[in-house]
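The structure appears below as structure tokens.
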Amino acid sequence: MSAPGAAPNAISAELREQFSASDSEFNEIISALNSFSIVAVTDRRGIIMHANDRFCEISKYSREELIGQTHSIINSGYHPREFFKEMWRVIGRGDVWKNEICNRAKDGSEYWVDTTIIPLLDGDGRPQRYISIRTEETQRHLAEEQAHKLAYCDRATGLSNRASMLLMIGTAMSRMPGCEFSGFIAASVDDLSVVNDAFGYEVGDRLLLDAAQKLTVLGEDGLSVARIGSNTFAVLLPRIGSDHRLAEQQAAEVVHRVLALLSGPVDLGSGVVVDASASVGYVLWAAPGIRQRRHDQENGEAATADGYIETADPHEVIKCADIARKRARRAGGHRRMRHFRQSMLDDAQQRVHLVSELRRGIENRELRLFAQPIVDRERRVIGEEGLIRWLSPARGLVPPGDFIPLAEQTGIIVEIGEWVLDEACRVLAAWKDDPERQHLTLSVNLSERQLRVEDFAERVSAIIARHGVTPGSLKFELTESVLHTDLDRTIRLLSLLRAEGVLSSLDDFGTGYSSLSYMRHLPVQQIKIDRSFVMAVGYDEQAAAIARTIVQLGRSFELQVVAEGVETEAQFEKLRDLGVDAFQGFLFARPRPVDETLTAI
Ligand code: C2E
Ligand code: MG
Ligand code: MG
């Protein structure tokens, strides 16, 4: 460890004052330093004249071996020659030089020393001797190296991390002439959460590691690769020319390479092989003002391109590529790529705005539950479906399609879902005392995200119990997407809820890609034929065939089959002929505030 840090500095200041000190004073100072520092005195050519015990100890040379040599005896080769040249320039003109040096001991081991060299001047102000005072810093250096690694290296993959990538982008920016473009790619592995859920995090980690390893080949071409998020990798393409179209082409080529590297079967061990793919977003950027410069150069032509951003902020580069990446993923992933456009940012900003407005809206109790009746083959109301609306003072009555997807992405849906459930149970409790309505069911839509809440079943039970809901009157509608992740857990949850008297329904049936095999295991009591088939049932034979098949499926599994989105008498009749059990649609009633179901018709 180093000696008390302040001491050598204090002494060096003192020595600076003593440049023309007498020999006896000089010896006094040297002996004062001896106790805690590594001290050497050289002549003006750098030949060692004096070496103290600490110097011998750390360098593992005897005093005899050191005296008469220059310091090159302990040169580790770590520093470039320029480093020592600069040192000589400074001390040669009589100034104090201070720096950290990596030296090599006699046994070959390296050690770091914090070094101060003080020239002792003769009467003419020329250096006569030099005193070098060193304190050992090896431990601190190792700690710093370690800290550097921790700060800039992603431990799981060995790649650079986000902080490091930000620095690299910053460096690229500082070296970019004003008319040049650079590129940045963000890529994520598709379906990582599916792999995690199906095979465990260890296997998911292997998929990530495999992707990281594959991307390192790009490093051989001088590209910097990093892991900038749990499932996001990045590739930096610094300075790809000043021709916008060529830069774009070059970036697109690397994007294709990234997609190719991350696509294809990956053996994750233990017999698990997945067909991996990726989603990629990328952005081209240039220094601020490039549009204006190009505009000037090109006499006002072709300066409106939306193909790149102007920025001096590394965070902005990552943000834009990531927005494009998310776009690619939302579009379905699977080798999709998106080039960042300004319009995406505007869109993203609007979404952020919407999220905060929605949060405020929930606090201000702006959510409303509407309900739409479900009728039997004789048009008698047998139940209602609860459908949420947001009554925003600024936006008016917002339909669920405009905010539910965002609420799902941000997790707000969990809170919204609980509110809907509570509201539905309140209504069911009121119906219980009404002979006209006590037989009705009330359905609520559930998002996949809600099912993933740890204590979902307990929360539902608590709400049901609080309102004293009759078993068999509450129904959950789930879409097939719920079945894509952790099917076992979903089945367990639905069975648990079934035991508490909660029914389940498969919504929008026929639109997801579901395997029929799960139908045998799934504890649902109802399927709802999606509106798209219902709409076409009158004129499209294929739609009618699908509806017929769904009815047969319902029969085989003893499920009630509901057709949703029935708008015309012709559709109603056709579907009734096909054997559909129940119907919902504008033909019978439009959704209206749920409280209207409480008042007598
Ligand atoms: P969904 O569950 O399939 O609900 C049926 C949608 O079809 C409703 O749209 C309803 O108004 C509409 N609809 C009913 N009959 C007809 C018809 O004859 N013609 C046409 N064109 N449309 C009809 P809405 O209310 O806009 O809801 C859209 C979707 O939003 C719902 O589809 C559901 O997936 C989701 N949603 C609604 N409320 C909630 C909720 O509380 N939680 C969650 N997670 N999702 C909800
Ligand atoms: Mg529904
Ligand atoms: Mg539906």
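Order of appearance sets the numbers: ligands from 1, and atoms from 1 within every ligand.
With Phe586 as the aromatic partner, Arg590 meets the cation-pi criteria of under 6.0 angstrom to the ring centre and within 45 degrees of the ring axis.
To the nearest 10 degrees, the angle centred on the Mg ion (ligand 2) between OE2 in Glu385 and OD1 in Asn445 reads 90°.
Within the 4.5 Å cutoff, no side-chain heavy atoms of Ile527 are placed close to those of Ser505.
Glu477 has its closest N, O or S atom to the Mg ion (ligand 2) at the position named OE1. When the Mg ion (ligand 3) is compared with the N/O/S atoms of Asp508, atom OD1 turns out nearest. The Mg ion (ligand 3) is closest to atom OE2 of Glu564 (considering only N, O or S atoms).
Taking 4.0 Å as the cut-off between side-chain N and carboxylate O, Arg531 and Glu567 do not count as a salt-bridged pair. Taking a cutoff of 4.0 Å between a charged side-chain nitrogen and a carboxylate oxygen, Lys319 and Asp322 do not qualify as a salt bridge.
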Distances for all N or O pairs of ligand 1 and the protein under 3.5 Å?
residue: ligand 1; atom: 2 (O); partner: Glu385; partner atom: OE2; Å: 2.9
residue: ligand 1; atom: 2 (O); partner: Asn445; partner atom: OD1; Å: 2.8
residue: ligand 1; atom: 2 (O); partner: Asp507; partner atom: OD2; Å: 2.8
residue: ligand 1; atom: 3 (O); partner: Asp508; partner atom: OD1; Å: 3.1
residue: ligand 1; atom: 3 (O); partner: Glu564; partner atom: OE1; Å: 3.4
residue: ligand 1; atom: 7 (O); partner: Arg531; partner atom: NH1; Å: 3.3
residue: ligand 1; atom: 15 (N); partner: Gln372; partner atom: NE2; Å: 3.0
residue: ligand 1; atom: 18 (O); partner: Phe586; partner atom: N; Å: 2.8
residue: ligand 1; atom: 19 (N); partner: Glu567; partner atom: OE2; Å: 2.5
residue: ligand 1; atom: 21 (N); partner: Glu567; partner atom: OE2; Å: 3.0
residue: ligand 1; atom: 22 (N); partner: Arg531; partner atom: NH1; Å: 3.2
residue: ligand 1; atom: 25 (O); partner: Arg389; partner atom: NH1; Å: 2.8
residue: ligand 1; atom: 25 (O); partner: Arg389; partner atom: NH2; Å: 3.0
residue: ligand 1; atom: 38 (N); partner: Ile388; partner atom: N; Å: 3.1
residue: ligand 1; atom: 42 (N); partner: Asn445; partner atom: O; Å: 3.4
residue: ligand 1; atom: 44 (N); partner: Ser447; partner atom: OG; Å: 2.9

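A salt bridge (Lys or Arg N to Asp or Glu O under 4.0 Å) with Glu384 is found for one member of Arg437, Arg592, Lys475 and no other, namely Arg592.
At least one N, O or S atom of Asp507 sits under 2.8 Å from the Mg ion (ligand 3).
In terms of modelled atom types and a separation under 3.5 Å, the side chain of Gln213 and the main chain of Asp210 share no donor-acceptor contact.
When ring centroids are compared, Phe340 and Tyr282 stay outside the 6.0 Å threshold.
In this structure, Glu408 CD and Arg449 CZ are separated by 9.0 Å, a value rounded to the nearest 0.5 Å.
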